[in-house]
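Quick notes on the structure that follows.
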Amino acid sequence: MAILNVRQLGDEILTKKCKPVRVINARIRQLVDDMYDTMYDACGVGLAAPQVGILKRIVVIDVTPDPPEGEEIPEDEVMRYTMINPEIIEQSGEQRGYEGCLSYVGMSGIVTRPEHVKVRFTDIDGDEYELEGEGLLARCICHELDHLDGHMYTERAEAGSVISNEELAKKQEEQQEQEES
Ligand code: NI
């Protein structure tokens with residue numbers, strides 16, 4: 001288990017285009033394991049290789065919902081994906097909401113993304129897959145794939161919408177109070 005250093009906004013590596021993976025070897029498998037360790041350690045739902053300083057087209061995603069207390073999520077409801085050389089081949093609809101990034105810790109901004117995407121990728125065993133995702137999974141796929149082309153969500157966020165998570169919590173509290181009154 002290894003927790004890697006997550007590069008932060010302003011680091012030039014986050015602006016570079018990543019190269020496709022040609023062979024899935026032991027080094028790639030180790031990198032993927034380390035990416036999961038790093039993502040879970042930071043309580044993230046997705047991580048792209050350039051965020052840990054590797055310019056390869058690899059992302060890991062885990063948007064498995066939290067299980068009810070004391071229970072475990074059944075295997076068929078786990079939403080964990082290792083995507084090598086992923087490509088969005090279809091997208092539709094629209095969702096607008098806050099998103100954050102492990103490369104810009106403690107901040108969130110409003111980004112509009114497709115509600116539904118279809119992505120094609122190679123998994124860690126070298127098998128090719130097509131996956132359809134909606135909601136959070138679709139948002140996460142778009143966000144992580146952007147990293148592979150050197151883009152941060154802050155470039156897509158609505159002007160002035162990027163705020164600290166404390167400010168966001170305050171805002172949501174105020175909104176809730178307004179709704180209740
Ligand atoms: Ni990110």
Side-chain angles (χ1 to χ4, degrees), residues 2-21 28 31-66 78-88 91 94-124 131 133-169 171-172:
I3 301 196
L4 306 173
N5 179 35
V6 180
R7 306 299 183 96
Q8 293 298 302
L9 183 64
D11 191 317
E12 214 182 302
I13 205 150
L14 294 171
T15 66
K16 305 251 196 248
K17 201 170 159 70
C18 296
K19 294 216 162 65
V21 175
I28 296 289
L31 169 64
V32 166
D33 283 350
D34 293 345
M35 284 172 66
Y36 275 111
D37 291 340
T38 305
M39 178 179 78
Y40 291 133
D41 179 67
C43 298
V45 292
L47 188 71
Q51 293 181 273
V52 293
I54 308 290
L55 290 172
K56 288 190 188 300
R57 303 189 80 81
I58 303 172
V59 310
V60 297
I61 288 175
D62 190 343
V63 290
T64 307
D66 286 330
V78 170
M79 296 171 80
R80 180 173 51 228
Y81 308 101
T82 303
M83 300 185 183
I84 296 169
N85 304 334
E87 243 180 293
I88 291 175
Q91 59 179 63
E94 217 177 72
Q95 55 174 319
R96 178 179 176 270
Y98 277 98
E99 72 185 56
C101 180
L102 296 181
S103 291
Y104 196 23
V105 169
M107 304 297 287
S108 297
I110 299 174
V111 186
T112 297
R113 300 280 192 187
E115 172 60 26
H116 174 270
V117 299
K118 191 191 247 185
V119 63
R120 181 182 292 152
F121 60 94
T122 303
D123 79 353
I124 196 70
L131 172 74
E134 54 185 33
L136 177 62
L137 178 57
R139 177 178 291 282
C140 198
I141 289 168
C142 294
H143 176 117
E144 299 312 331
L145 266 62
D146 268 355
H147 277 302
L148 302 183
D149 290 319
H151 298 298
M152 289 281 294
Y153 82 86
T154 46
E155 297 163 45
R156 298 192 188 277
E158 291 175 18
S161 74
V162 179
I163 55 176
S164 74
N165 289 341
E166 289 82 47
E167 285 174 281
L168 176 57
K171 228 179 181 165
Q172 285 168 338

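The basis for the numbers below is simple: all heavy atoms, side chains too, and nothing from hydrogens, waters or symmetry mates. Order of listing sets the numbers, starting from 1, for every ligand and every atom in it.
Around the Ni ion (ligand 1), the protein contributes the following N, O or S atoms at distances under 2.8 Å: Cys101 SG, His143 NE2, His147 NE2.
Heavy-atom neighbours of Gln8 CD from other residues, nucleotides or ligands within 6.0 Å: above the threshold of 12. Counting heavy-atom neighbours within 6.0 Å of Glu155 CD, excluding the residue itself, gives a total above 12.
Taken from OG1 in Thr15 to CG in Asp149, the straight-line distance is 12.0 Å, to the nearest 0.5 Å.
Using modelled atom types and a 3.5 Å distance limit, the side chains of Ser103 and Gln51 yield a donor-acceptor pair.
In this structure, the side chain of Gln95 engages the main chain of Gly135 through a donor-acceptor pair within 3.5 Å. Judged by distance alone, the side chain of Arg113 and the main-chain N or O of Ile141 form no donor-acceptor pair under 3.5 Å.
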